[in-house]
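We count residues from 1, following the sequence as given. Note that the coordinates shown come from a computational prediction; the quantities given were computed from them, not determined experimentally.
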Amino acid sequence: MATQHISSVPPAPALSAAYPMANPGYGKRSAPHQLPRTREDFALLPTRERYVAGFVDHLPEGAAMSVKQLAKQLPLYGQQAISTALTALSVAGHLRRVRCSVTNASDETRWVFRTFWSRTARDNEWWNAYLATENSSPDEAPAPEEPDAEPAPETTGVPQQRTPAQAPDTAPAQPRTAEPGPAYLALARLGRNDHRLALSADDCTALEPLATQWLDRGVSTDYLTHALTAGLPAQVDSPLGLLRRRLTDKMPPRLPNNENPSPGTPAPTRRILMECTDCGRPGQPEALPDGLCRPCRTTHHPDTPPAEAAEAADVRARMTNLRDLLKSV
């Protein structure tokens, strides 16, 4: 009588349609040029790592990849076990965590945390080259995958009847439907920095063309804000009038040959730092082979000196506290 072969790896839970997605720009990112998915994927990994890898591999782009969120979806293992499994997957070449510094056109910088995933195991040289390419490419927020999405059915050509009450182009225009520009935002923030310069939405719209001329001449929003707020009188009776006068009288000169283009035109710049998968310490990819910093790498070898093992534990504790603090902000 033939016996049925039962895999030692428990089946990963089915991916729920309600699995939480990270904020735009965060979460899972799939590396390019992966081999097609097969039943033999991750066959050389231990049971726990196969279980976690199989689940992560089926997550859509932009899915939340925090240890806490994965532990909620994988009830067989707690947060510590999931963290250890992710570290092992990093060493095996399937995963790299990075933090990306994105600077937009208005000189505002934010940190974006991502987890790059590859079903096909990659060595350190491949990851370093790929992240260097990512570092020089323009930043875009990933669009969540929609598996098995079907195109919307085409509607039949039924002419729309116009009633007498309807008239073309009679709807009132909205005052501001587009995203506010850097000049408008800089003006709107003045009242938060100094209550004497509080402006209404109409005031910001009225002054925006003048402020935009400043930015077109190569100055930053910080420079603009400082020029408008320096040396204010004790009492400002008309913020709109005072700012209009300053924007006109202090207009910076235009540089010849347009040496400094408008800060609103260049593409956002960014800088990528890899994170240690175990403790979160940032660094250049070359300094984190296998996605691990030096103290964390020493903990994965039995001949680690006691002093280095203690240093690794201390680094992991401090970086965990720092990451929790950053996430709470």
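In this structure, Lys250 places its NZ atom where more than 12 heavy-atom neighbours from other residues, nucleotides or ligands lie under 6.0 Å away. The local environment of CZ in Arg37 is crowded, with over 12 non-hydrogen atoms from other residues, nucleotides or ligands closer than 6.0 Å.
Between Tyr223 and Trp214, the two ring planes are tilted [angle within 30° to 60°].
Between Leu210 and Met251, the shortest heavy-atom contact is O-CE, 4.1 Å. Listed here is the closest heavy atom pair of Ala227 and Arg246: O-NH1, 3.7 Å. When all heavy atoms of Glu49 and Leu89 are compared, the closest pair comes out as O-CD2, 4.0 Å. Summarising the geometry of Leu197 relative to Leu228, their closest heavy-atom pair is CD1-O, 3.9 Å, with the distance given to 0.1 Å. Taking all atoms of both residues into account, the shortest heavy-atom contact from Ser90 to Gly291 is OG-CA, 3.5 Å.
Side-chain N/O atoms of Asp202 and Thr205 include no donor and acceptor closer than 3.5 Å. Side-chain contact of Asn128 with Arg122: a donor-acceptor pair under 3.5 Å is absent, judged by distance alone. The closest side-chain donor-acceptor pair between Thr225 and Asp222, if any, does not fall under 3.5 angstrom.
Contact of the Arg281 side chain with the Pro295 side chain is registered, since non-hydrogen atoms from C-beta on lie closer than 4.5 Å. In this structure the side chain of Cys279 reaches within 4.5 angstrom of the side chain of Cys293, judged on heavy atoms.
Proximity of a side-chain donor or acceptor of Ser83 to a complementary backbone N or O of Gln79 within less than 3.5 Å is not detected. With Asp290 contributing its side chain and Leu292 its backbone, the two residues share no donor-acceptor pair below 3.5 Å. A donor-acceptor pair is defined here as one N or O able to donate and one able to accept, closer than 3.5 Å; no such pair exists between the side chain of Arg97 and the backbone of Gly280. With hydrogens and angles disregarded, a donor-acceptor distance shorter than 3.5 Å links the side chain of Trp127 to the backbone of Gly93. A donor-acceptor pair is defined here as one N or O able to donate and one able to accept, closer than 3.5 Å; no such pair exists between the side chain of Arg99 and the backbone of Leu273.
Once rounded to the nearest 0.5 Å, the distance linking CG of Leu95 with CE of Met65 reads 5.5 Å.
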Step by step, would you call Val98 with Arg29 a side-chain contact (heavy atoms from CB on, under 4.5 Å)? CA-CA 10 Å; Val98 303; Arg29 282 288 187 93; over 6 Å; no

Go through the steps for Leu59 and Trp117 under the test side-chain contact (heavy atoms from CB on, under 4.5 Å), then give the verdict. CA-CA 10 Å; Leu59 290 177; Trp117 172 260; over 6 Å; no

